[in-house]
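Notes to accompany the following structure.
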Amino acid sequence: MNDHEQQQPTPRLGNVLAALTRAERKVFTRPAPKSAKAQVKFLLTRAKGSTKAVAERLGISRRTVERYRAGSLTTPQKRLQAALVEETESEWQPQVRAQVRERAATSSGMMVDVTAYFGFACKGSSDDGRERSITTAISPTYAKQILELQEAGATEEDLHPIVAEAITESYFTEWGTRAAGLRADFTHVVSIEFRF
């Protein structure tokens, strides 16, 4: 084993799905409900008043849902608080989220900030892989593919190749103007953020 092989970090996938979710939540035009009572009322509205459906989503009893709605319980435990925040934000402003996703898929694309280990495959390449911090635009074509995969329930493993291809296209080959045939794969993702 040579020195180069020993220096490469072990492959680790970054949380692309979580980064996409965070990016969507940054485009809200109004803040999501903060109090437990307001969150439960919002979830009940989305569930058409079904305390059973809300209780199942949150992993609590129907009576507990009713107590939060009435205001007799006000401070949830950490697990329930996290579930309330997650469920509320996942349902909050669906039209705003849809408009932003549509704009990204048709005209504006997305920005990606990623710090990861990039490895390369190309004829005559002498550039060894290394950790890089990259901020680049992703074209609407790739944004559409990424968002469609996310909606279809794709896993991290499904998203990594298309995100790597999008970064290769925009950053390394500059939209096909240089380094023809270059393919970059990224592993050991330290951080990744998307912006619409």
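This structure is a prediction, so every number in the text was calculated from the model and none was measured. We use all heavy atoms of the structure for the numbers below, so side chains are in, but hydrogens, waters and symmetry mates are not. FYI, the numbering just counts along the sequence from 1.
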ask   = Run the side-chain contact (heavy atoms from CB on, under 4.5 Å) check on Ser61 and Lys52 step by step: do they pass?
value = CA-CA 8 Å; Ser61 70; Lys52 181 180 178 183; over 6 Å; no
At their closest point, which heavy atom of [X] faces which heavy atom of [Y], and how far apart are they?
{"X": "Met110", "Y": "Ala104", "result": "CG-CB, 4.1 Å"}
{"X": "Glu193", "Y": "Lys26", "result": "OE1-NZ, 3.8 Å"}
{"X": "Glu89", "Y": "Ala32", "result": "CG-CB, 4.1 Å"}
{"X": "Ala70", "Y": "Lys37", "result": "O-NZ, 4.1 Å"}
{"X": "Pro161", "Y": "Asp158", "result": "CD-O, 3.5 Å"}

Pairwise distance [atom1]([X]) to [atom2]([Y]) - rounded to 0.5 angstrom:
{"X": "Leu44", "Y": "Ser50", "atom1": "CG", "atom2": "OG", "answer": "8.0 Å"}
{"X": "Leu20", "Y": "Leu147", "atom1": "CG", "atom2": "CG", "answer": "6.5 Å"}
{"X": "Leu80", "Y": "Tyr68", "atom1": "CG", "atom2": "OH", "answer": "5.0 Å"}
{"X": "Ser170", "Y": "Met111", "atom1": "OG", "atom2": "CE", "answer": "8.5 Å"}
{"X": "Leu159", "Y": "Leu149", "atom1": "CG", "atom2": "CG", "answer": "5.5 Å"}
{"X": "Thr29", "Y": "Arg97", "atom1": "OG1", "atom2": "CZ", "answer": "11.5 Å"}

ask   = When you look at Arg30 and Val96, which way does the side-chain contact (heavy atoms from CB on, under 4.5 Å) test go after all the steps?
value = CA-CA 10 Å; Arg30 295 189 337 244; Val96 170; over 6 Å; no
request  = Could you walk me through whether Arg25 and Glu86 pass the salt bridge (Lys or Arg N to Asp or Glu O under 4.0 Å) test, one step at a time?
outcome  = CA-CA 11 Å; Arg25 292 178 181 178; Glu86 177 59 33; 3.0 Å; yes
Check: [Y] and [X] side chains under 4.5 Å, non-hydrogen atoms:
{"X": "Pro140", "Y": "Thr106", "answer": "no"}
{"X": "Thr51", "Y": "Arg63", "answer": "no"}
{"X": "Glu165", "Y": "His160", "answer": "no"}
{"X": "Val16", "Y": "Val189", "answer": "no"}
{"X": "Thr135", "Y": "Val112", "answer": "no"}
{"X": "Arg46", "Y": "Lys41", "answer": "no"}
{"X": "Phe42", "Y": "Glu91", "answer": "yes"}
{"X": "Phe194", "Y": "Val114", "answer": "no"}

task = Dump the intermediate steps for side-chain contact (heavy atoms from CB on, under 4.5 Å) on Arg57 and Leu43, then the final yes or no.
result = CA-CA 10 Å; Arg57 284 177 73 176; Leu43 291 173; 4.3 Å; yes
query = Is it true that Lys144 and Glu102 make a salt bridge, defined as a side-chain N closer than 4.0 Å to a carboxylate O?
reply =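 Here Lys144 does not pair with Glu102 in a salt bridge, since their nearest N and O are not under 4.0 Å apart.
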Show me the donor-acceptor pairs within less than 3.5 Å that the side chains of residues 71-79 make with the rest of the protein, sequence neighbours left out.
unit_1 : atom_1 : unit_2 : atom_2 : d
Ser72  : OG     : Arg67  : O      : 3.3
Arg79  : NH1    : Leu58  : O      : 3.3

request  = Verify the distance criterion only: is there a donor paired with an acceptor across the side chains of Gln150 and Arg101 at less than 3.5 Å?
outcome  =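 Looking only at side-chain atoms, Arg101 and Gln150 do form a donor-acceptor pair, the distance falling under 3.5 Å.
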key: Cluster link Val27 to Trp92, ILVMFWY, side chain under 4.5 Å   =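 Hydrophobic grouping puts Val27 apart from Trp92.
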query = Are Phe28 and Val85 linked, directly or through other ILVMFWY residues, by side chains that come within less than 4.5 angstrom of each other?
reply =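 Shared cluster, no.
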key: Glu156 (side chain) donor-acceptor with Leu17 (main chain) under 3.5 angstrom   =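 Yes, the answer is positive, given that a donor and an acceptor are paired below the 3.5 Å cut-off.
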inquiry  = Strictly distance-based, threshold 3.5 Å: is any side-chain N or O of Thr64 a donor or acceptor partner for the main-chain N or O of Ile60?
reply    =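 Flag not set: sc Thr64 to bb Ile60 has no pair under 3.5 Å.
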